[in-house]
Amino acid sequence: MREKVNDGGGGDGDSGGRGSLATSSFVPMPIFFASLIVFVAIVISVLATPYSKVEESFNLHAIHDIIHIGFENTSTYDHHEFPGVVPRTFLGSLLVGLPTKAISNAFQIIFPDNINTNGRYFKLNTMLLGRILLGAMNSVAFGFLLNAIKRKFSLNVMWYTALISATQFHFIFYASRTLPNTFAMPFVILAYAFWIEKKMFQLVLMFAFAVPIFRAELVALAGPILLFELVIGTLKLKDMLRWGLPAGFLAIGISVIVDSSLWGYTLWPEGTVLYFNTILNKSSQWGTEPFFWYFFSALPRSLSVGIVFVPVGVIVYKPVRKYVVLVLAFVLLYSFLPHKELRFVLYSVPLLNLSAACAIQRMIISKKKWLSLFGILCFLGIIVGTLATTSVSTFVSSLNYPGGEAMKWLHDHCEPYCGDAIKPHSVHICNLAAQSGASRFSQTNPYFEYSKLEAWTNTTTHESFSWLIAEEKDQDTFNNTHEAIHNIFSVSGITLSKEFPFLSIRKAITLVIMKKRSLS
């Protein structure tokens, strides 16, 4: 028996209506399995692209220091040496670092022999574990959203949303990245779930915590949503203020107390970031994009094939319109900031996927057999097409962390060149390597001394180091004292090819691992 669909008139598609997309019962197992698919996709992404880029550096190193240094000697934390342009909050790093530390400590107690035997990889494994835990947090939040979608729309729409999301490269890729946007993501996804279920108190609380702690610019998302609910009367102004202000001030207070203790001076990190990015508009120093860049570049890449069906869902199913319009309003508002990155508007993807899922469902349950068959083919096309683009993107991304690859190669292969890997050695990590995966997690040999010195001094030059991880263009500068042992390649370009898979990936030498000539 086919499921009936509301034609878009009368009501907003809440559960219980005979002609709606919704079902009223709670079915926990489908939600669990749908969330599990998303989580498995995140784990695959973590394993395929284990290393990090410079924008993830602060939180990644904070997590490292929480796990491997603890709180007894916070003066040796990475942020004291490399504070970054603006201070960031430690709250997200604590949220990931503390459970990761607990699990890793338990593993050391239960399997001490394994840790001693494979100690070289233990730090790297804790990095992977931390990222997987962060991905799990986003998966759990996504499960709440899927449950809300199931209740308001239907079980099938829930499945379509989950499968479309699980196959998209950027949504899955960023779900485990140690970025402020990623730490804010569970709060935003939960806010969407509460919004769909018309739970205004929880909706306000999610934004009241996410905005002042992780991403102040999320006010551009919270504003349109809360304003809309105020206008239609679902949310009362006095309730929003009564709930939101205390929660917001509590969030700021927690951030000030925790972050001031770890930074060593009184500050509210996200307030500083907001002032830097919005008031001073200094984020534009990192590049600018055209006003509509999010619409003609970021969103098409994020949504992949599914973008074709987003407007269809808006047209054919009225209840999904407000969600699409308001998240696009957020994207429009964010477009006024000249510095743009895809991850800044990634919060819009789940609800845009919901619209595509509604379009697919509307076709599949049609009484016209040809339209129903067409809907099935469209859904399969979305999944297959998106998986194809995601596979290519994941493969290319895996080749773009030369710093991480260089550190791994050095630790795996240094013994034949230096006689004994447990002898003291010094390693200089160039800026490019540090920005492309050579984090503290990759500093796995306790007998090595690592330096990320950005400029030579009178007392410290390249001759001071046993090993250099240098940029290819600087190799000639060091040839008198060091010899090149191994080249690290990364992607230099992608072109179309006549042969399967119809893409040709060009690689070029990015980093060179060099050994001191006098090293025995």
Side-chain angles (χ1 to χ4, degrees), residues 8-17 20 22 89 91 141 144-145 147-149 151-153 180-181 183-256 268-275 277-279 314 318-337 344-345 347-348 350-352 354-355:
D12 63 354
D14 290 341
S15 60
S20 73
T89 181
L91 291 177
F144 279 88
L145 175 60
N147 183 52
I149 291 171
R151 290 189 172 202
K152 185 178 180 68
F153 296 91
N181 313 80
F183 289 114
M185 184 69 80
F187 292 89
V188 174
I189 294 175
L190 286 172
Y192 287 158
F194 296 134
W195 183 25
I196 290 173
E197 294 187 326
K198 296 186 177 180
K199 296 179 178 179
M200 294 296 111
F201 172 68
Q202 292 91 330
L203 168 65
V204 171
L205 285 189
M206 290 301 102
F207 282 125
F209 277 95
V211 170
I213 292 178
F214 296 115
R215 292 300 298 185
E217 293 93 335
L218 276 174
V219 70
L221 175 61
I225 292 174
L226 297 177
L227 180 61
F228 177 84
E229 297 300 333
L230 285 170
V231 170
I232 66 173
T234 310
L235 176 65
K236 303 298 181 184
L237 179 60
K238 66 176 182 178
D239 289 334
M240 184 182 73
L241 297 177
R242 180 163 58 93
W243 301 330
L245 289 179
F249 283 121
L250 176 62
I252 293 173
I254 293 172
S255 177
V256 170
W268 169 33
E270 198 52 33
T272 304
V273 173
L274 178 66
Y275 180 74
N277 287 341
T278 306
I279 307 301
V314 173
K318 182 179 178 181
V320 81
R321 292 175 190 171
K322 74 172 183 180
Y323 304 113
V324 174
V325 169
L326 291 176
V327 296
L328 290 181
F330 153 69
V331 176
L332 183 65
L333 288 173
Y334 220 111
S335 298
F336 283 95
L337 288 177
F344 293 166
V345 296
Y347 315 105
S348 61
L351 294 186
L352 297 179
L354 170 61
S355 180

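Being a predicted model, the structure only gives us computed values, none of them experimental. Each residue takes its place number in the sequence, starting with 1.
- A pairwise comparison of heavy atoms in L237 and L230 identifies N-CD2, 3.4 Å as the closest pair.
- F183 places none of its side-chain heavy atoms less than 4.5 Å from the side chain of I213.
- Between E270 and F214 there is no side-chain heavy-atom pair separated by less than 4.5 Å.
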Step-by-step side-chain contact (heavy atoms from CB on, under 4.5 Å) determination, V211 to L221
CA-CA 10 Å; V211 170; L221 175 61; over 6 Å; no
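- In this structure, the side chains of Y347 and V327 stay at 4.5 Å or more apart for every pair of heavy atoms.
- Inter-residue side-chain proximity for E229 and K322 is flagged as met; some heavy-atom pair is nearer than 4.5 Å.
- For the atom pair L205 CG and L190 CG, the distance stands at 11.5 Å (nearest 0.5 Å).
- Closest approach of F344 to F330, counting heavy atoms only: O-CZ, 3.6 Å.
- Heavy atoms of other residues, nucleotides or ligands lying less than 6.0 angstrom from CZ of F144 number 12 at most.
- Counting heavy atoms from C-beta on, the side chains of L351 and V324 never come closer than 4.5 Å.
- Atom-to-atom distance recorded for L328:CG and S335:OG is 10.0 Å, nearest 0.5 angstrom.
- Using the six-membered ring where Trp is involved, W195 and Y192 have ring planes that are tilted, between 30° and 60° apart.
- Going from atom CG of N147 over to atom NZ of K152 covers 13.5 Å, rounded to the nearest 0.5 Å.
- For the residue pair P212 and W268, the shortest heavy atom distance occurs at O-NE1, 2.8 Å.
- Among all heavy-atom pairs drawn from T89 and L91, the shortest one is OG1-N, 3.1 Å.
- With a 4.5 Å cut-off on side-chain heavy atoms, L226 and L203 count as touching.
- For S255 (side chain) and A251 (main-chain N/O), no donor-acceptor pair under 3.5 Å exists by modelled atom type.
- Under the 4.5 Å side-chain criterion, counting only non-hydrogen atoms from C-beta, I196 is in contact with L145.
- In this structure, R215 is not positioned above the aromatic face of F187 in the sense of NZ or CZ being under 6.0 Å from the six-membered ring centre and within 45° of the axis.
- The CE atom of M200 lies 8.0 Å from the NZ atom of K198; values are rounded to the nearest 0.5 Å.
- Using a 4.5 Å heavy-atom cutoff, the side chains of V204 and F194 are not in contact.
- Between the CD1 atom in I225 and the CG atom in L235 there is a gap of 11.5 Å [rounded to 0.5 Å].
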